[in-house]
Amino acid sequence: MKKTAIFGALTVAGLAAGAAGAATLDDVKARGVLNCGVTTGLVGFAAPDANGEWNGFDVGVCRAVAAAVLGDPTAVEFVPTTGKTRFTALSSGEIDLLARNTTWTFSRDVDLKFEFVGVNYYDGQGFMVPKALGVSSAKELSGATVCIQTGTTTELNLADYFRKNNMDYQPVPIETNAEAQQQYLAGACDVYTTDASGLAATRAAFENPGDHVVLPEIISKEPLGPLVRHGDNDWGDIARWTLNALIAAEEYGITSANAEEMAQGTDSPEINRILGTEGNLGEMLGLDADWAKRAILAGGNYGELFEKNIGENTPIGLSRGLNAQWTDGGLLYSPPFR
C-alpha cells in the first residue's frame, strides 16, 4: 500500500514537472549552472575532496553535460541525494539531471516517468563480508544480518535471492553508503550488499581492505545510467548524446589530449561530425558545433574517466569487464553520429 502510494505520488509529480519543465535547456542556460543530482558520497563515483570539490566517474558525466551546454565544466551545482530522495529531487525540478548509480528499470522508466539516457556502468549486485566470518559463498548467508540501502533495487533483489534459495536474513536498513560503512564496520550487520562497484569503492576506503571479502555471486543486472524527466525530449537528447560522445570518443581515439588537434579536421567523417568540423549535429541539439569537443575536454573520453576514477590502477581497482568497448568484447556501443 505504501509503495503504491509513493509511486503514484511520484508519477503525478513527474507528470507535472515534465509539463512545466519542458524547456530545461533554457532554464539551465538562464541559470548559468547545471543542477546535477549525485550520491551523498561514494569514492570513485561521486564524492567531495578535502576542499569540497566533487570528483568521480558520475561527476564526470555532470561536468561533460555542463561543458557541452554552458561551455564550463565547473558550472555545476552538485546536489547529494539518497536512494529515497533522488527521484523526488528530479521529478520536482530541484535537479536537471540525476547521475547517481541509478539502475534502469521498467517501473522507474514507465511508472515514475523518467527517461534514462543510456548506461554509463554495467553492474550487478554483490555481497561483502568480513574475512573473519569464514564465508566463501552468498549461499552460506542464511540467518545473516544484512545492511541494505532503502529505496533501492538492492532491497528487492536481496529478498528475491534469499527467497529463491530458501534462506532467511535480518535486514538492517540504512540510507547512505557512509551509514552502511559505519554500521558494517561496527558489526551491526554481518553483510553489506549493494552494486559490486559500490562494494569495491566502499572496501577501498577501509583502513584494512584486506580484512573484507567480496563474495563471488552477482545476483542481478544493474545497468546504471543518468536520467532526466519525461516530457522534455530536447534536454534528454543533450544528455544522451553527451554520454554517447564520451563513449564514441574512446572508440575513435579522441582524447582530452588530442581533441583540439583532431578538431582541425581528420580523414574520418565520423570523427569530424563528433567534433563539429562537418555537418550540423550541434545545431540539431540547440547547441554550437563544439559541444561534444568541450564534453570530451572536460574530463576525457569514457575510458579516461574510467581509468582515472575507478580503473585497475586506482584504489577502487575495477576492470573494464562488461564496460569495455564493443570492439573489445564489452557492451559499450554508441549509435552513429550522422
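Just so it is clear, the model here is predicted, and its values are computed rather than measured.
Environment of CD in Glu140: crowded, with over 12 heavy atoms of neighbouring residues, nucleotides or ligands closer than 6.0 Å. Sparse packing is recorded around CG of Asn313, with 12 or fewer heavy atoms of other residues, nucleotides or ligands lying under 6.0 Å away. Residue-environment remark: OH (Tyr333) stays at or below the threshold of 12 foreign heavy atoms within 6.0 Å.
By the 4.0 Å N-to-carboxylate-O rule, Lys139 lies too far from Glu217 to be salt-bridged with it. The existence of a salt bridge linking Arg240 and Asp237 is confirmed by a sub-4.0 Å separation between a basic side-chain nitrogen and an acidic carboxylate oxygen. Contact check on Arg294 versus Asp288 returns a salt bridge, with a Lys/Arg side-chain nitrogen under 4.0 Å from an Asp/Glu carboxylate oxygen. A salt bridge is defined here as a Lys NZ or Arg NE, NH1 or NH2 lying under 4.0 Å from an Asp or Glu carboxylate O, and Arg320 with Glu250 meets this definition.
Asn272 and Thr266 share a donor-acceptor pair across their side chains, judged by distance under 3.5 Å alone. Inspection of the Thr102 and Arg86 side chains reveals an N or O donor paired with an N or O acceptor under 3.5 Å. With 3.5 Å as the limit, one finds a donor-acceptor pair spanning the side chains of Thr154 and Thr152. With 3.5 Å as the limit, one finds no donor-acceptor pair spanning the side chains of Ser197 and Asp195. Gln125 and Thr193 are linked by a side-chain donor-acceptor pair at a separation below 3.5 angstrom, with hydrogens and angles left out of the test. Inspection of the Thr24 and Asp232 side chains reveals an N or O donor paired with an N or O acceptor under 3.5 Å. In the model, Asn157 has a side-chain atom that pairs as donor or acceptor with a side-chain atom of Glu222 under 3.5 Å. Thr82 and Thr85 are linked by a side-chain donor-acceptor pair at a separation below 3.5 angstrom, with hydrogens and angles left out of the test. For the residue pair Glu155/Thr150, the side-chain donor-acceptor check at 3.5 Å is not satisfied.
Using a 4.5 Å heavy-atom threshold, the side chains of Gln181 and Tyr192 count as separate. The shortest distance between side-chain heavy atoms of Glu312 and Leu318 does not fall below 4.5 Å.
Among residue pairs with one or both ends in residues 30-45, those qualifying as side-chain hydrogen bond (donor to acceptor under 3.5 Å, both in side chains) are Arg31-Asp96; sequence neighbours excluded.
Val33 and Val28 end up in different hydrophobic clusters when Ile, Leu, Val, Met, Phe, Trp and Tyr side chains are linked at under 4.5 Å. By the criterion of side-chain heavy atoms lying less than 4.5 angstrom apart, applied directly or through intervening Ile, Leu, Val, Met, Phe, Trp or Tyr residues, Leu224 is grouped together with Trp104 in one hydrophobic cluster.
His212 and Tyr184 have their aromatic ring centers within a separation under 6.0 angstrom. Taking the centre of each ring, Phe114 and Phe87 come in below the 6.0 Å mark.
Phe162 and Tyr169 have tilted rings, their planes meeting at an angle from 30° to 60° on a 0 to 90° scale. By the 30° and 60° cut-offs, the orientation of the rings of Phe57 relative to Phe306 is perpendicular.
Here the OG1-CD distance, from Thr145 to Gln183, works out to 10.0 Å after rounding to the nearest 0.5 Å.
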